[in-house]
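These figures come from a predicted structure and were not determined experimentally.
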Amino acid sequence: MKVKAILFLFGAFLTYYIDFGASAQTCRVTSGVGADGKMTYKEVFEFDFVEEKPDFPGGRASMVAYINEHRRYPAEAYARGVEGRVTCSFVINTDGSVSNISVIRGVEPSLNREAVRLLSKMPAWKPGKISGQPVPVRVICYVPFRK
């Protein structure tokens with residue numbers, strides 16, 4: 001009897017996942033304020049749910065090199081010994097441009113601002129794709145600050 005109950009629950013889970021899984025692969029990101037004064041949103045795909053992932057020019061190692069080369073540690077934060085990782089999300093659009101940068105987990109306001117500045121200056125990425133078509137994809141990454 002226990003085995004049948006477990007199989008039923010597993011089957012119900014698979015049915016839910018298969019039937020409604022497509023909605024789980026997208027999320028809404030804020031895209032600004034409309035003419036009516038209400039927030040507007042953009043539907044984007046989650047990084048793990050696209051067939052071809054967005055890619056920084058030259059790959060992951062090039063992205064780390066870009067961050068290390070262009071990051072400017074805020075002087076006051078450096079002097080106070082503030083360290084940490086600023087976790088951000090952003091959208092890679094269908095043309096590879098970066099938009100909708102937001103801090104998910106910040107460290108300190110000056111470090112958070114620097115992470116957003118750094119990510120906003122990134123070169124265009126190779127966009128993510130589904131069925132060969134470019135789609136907007138939300139990416140999550142962090143910018144480290146260590147003395």
Side-chain angles (χ1 to χ4, degrees), residues 6 9-147:
I6 290 171
L9 289 174
F10 183 69
F13 169 76
L14 281 179
T15 301
Y16 174 79
Y17 186 76
I18 292 168
D19 289 345
F20 302 107
S23 65
Q25 62 186 334
T26 62
C27 69
R28 291 179 1 162
V29 295
T30 307
S31 62
V33 179
D36 59 0
K38 293 183 180 180
M39 293 298 291
T40 57
Y41 299 93
K42 171 163 101 173
E43 194 87 11
V44 298
F45 287 86
E46 292 288 359
F47 185 83
D48 290 335
F49 290 95
V50 294
E51 294 164 4
E52 291 182 48
K53 312 271 188 256
D55 196 26
F56 187 84
R60 181 94 175 134
S62 292
M63 182 174 169
V64 170
Y66 169 85
I67 289 171
N68 289 333
E69 183 179 330
H70 294 90
R71 177 186 49 221
R72 289 186 253 157
Y73 211 124
E76 187 178 318
Y78 186 84
R80 290 193 335 257
V82 178
E83 296 183 332
R85 297 185 328 177
V86 178
T87 304
C88 296
S89 76
F90 52 90
V91 174
I92 301 301
N93 297 301
T94 57
D95 63 356
S97 63
V98 178
S99 68
N100 300 84
I101 302 167
S102 64
V103 174
I104 297 173
R105 175 178 269 180
V107 174
E108 190 263 348
S110 67
L111 297 184
N112 299 349
R113 284 190 302 274
E114 173 56 15
V116 170
R117 184 202 66 79
L118 176 68
L119 297 175
S120 70
K121 302 290 185 190
M122 281 193 295
W125 289 45
K126 178 182 140 204
K129 295 181 180 179
I130 294 179
S131 300
Q133 296 297 317
V135 294
V137 178
R138 185 173 81 127
V139 176
I140 295 175
C141 77
Y142 65 87
V143 178
F145 292 90
R146 300 272 183 253
K147 285 182 82 171

Considering only distance and modelled atom types, tabulate donor-acceptor pairs under 3.5 Å from the side chains of residues 138-146, sequence neighbours left out.
from	atom 1	to	atom 2	distance (Å)
Arg138	NE	Glu46	OE1	3.2
Arg138	NH2	Glu46	OE1	3.3
Arg138	NH2	Glu46	OE2	3.3

For [X], side chain to side chain donor-acceptor pair (under 3.5 Å) partners two or more places apart:
X	value
Asp36	none
Glu108	Arg80, Ser110
Arg113	none
Asp95	Ser97

With a sphere of 6.0 Å drawn around CZ of Arg105, does it hold more than 12 non-hydrogen atoms of other residues, nucleotides or ligands?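 Counting neighbours around CZ of Arg105, 12 or fewer heavy atoms of other residues, nucleotides or ligands fall under 6.0 Å, so no.
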Step through the shown structure and confirm whether more than 12 heavy atoms of other residues, nucleotides or ligands are within 6.0 Å of NZ on Lys121.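 Not buried by this count: 12 neighbours or fewer within 6.0 Å.
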Which residue pairs satisfy the ring-ring contact (aromatic ring centres under 6.0 Å, His included) criterion with at least one member in residues 83-130, sequence neighbours excluded?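 For residues 83-130, and leaving out neighbouring residues, the ring-ring contact (aromatic ring centres under 6.0 Å, His included) pairs sorted by first residue read Phe56-Trp125, Phe90-Trp125.
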Which pair of heavy atoms, one from [X] and one from [Y], lies closest together, and at what distance?
X	Y	answer
Pro134	Thr94	O-CG2, 3.4 Å
Asn112	Gly106	OD1-CA, 3.2 Å
Val98	Met122	CG2-CE, 3.9 Å

Heavy-atom check, side chain of [X] versus side chain of [Y], under 4.5 Å:
X	Y	result
Pro74	Leu111	yes
Leu118	Ile67	yes
Pro57	Pro123	yes
Val137	Val91	no

Rounded to the nearest 0.5 Å, what's the gap from CD1 on Ile92 to CG on Asn100? Could you check?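 Ile92 CD1 to Asn100 CG: 10.5 Å, rounded to 0.5 Å.
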Which residue pairs pass the side chain to side chain donor-acceptor pair (under 3.5 Å) test when at least one of the two sits in residues 53-74, sequence neighbours left out?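 Side chain to side chain donor-acceptor pair (under 3.5 Å) check on residues 53-74 returns Asn68-Arg71.
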Could you check whether any side-chain N or O of Lys147 sits under 3.5 Å from a backbone N or O of Tyr78, counting only pairs where one atom can act as donor and the other as acceptor?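 Yes, Lys147 side chain to Tyr78 backbone: donor-acceptor pair under 3.5 Å.
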Output all residues satisfying side-chain contact (heavy atoms from CB on, under 4.5 Å) with [X], sequence neighbours left out; order by chain, then residue number.
X	answer
Ser102	Ser89
Glu51	Ile130, Ser131
Val116	Ile101, Val103

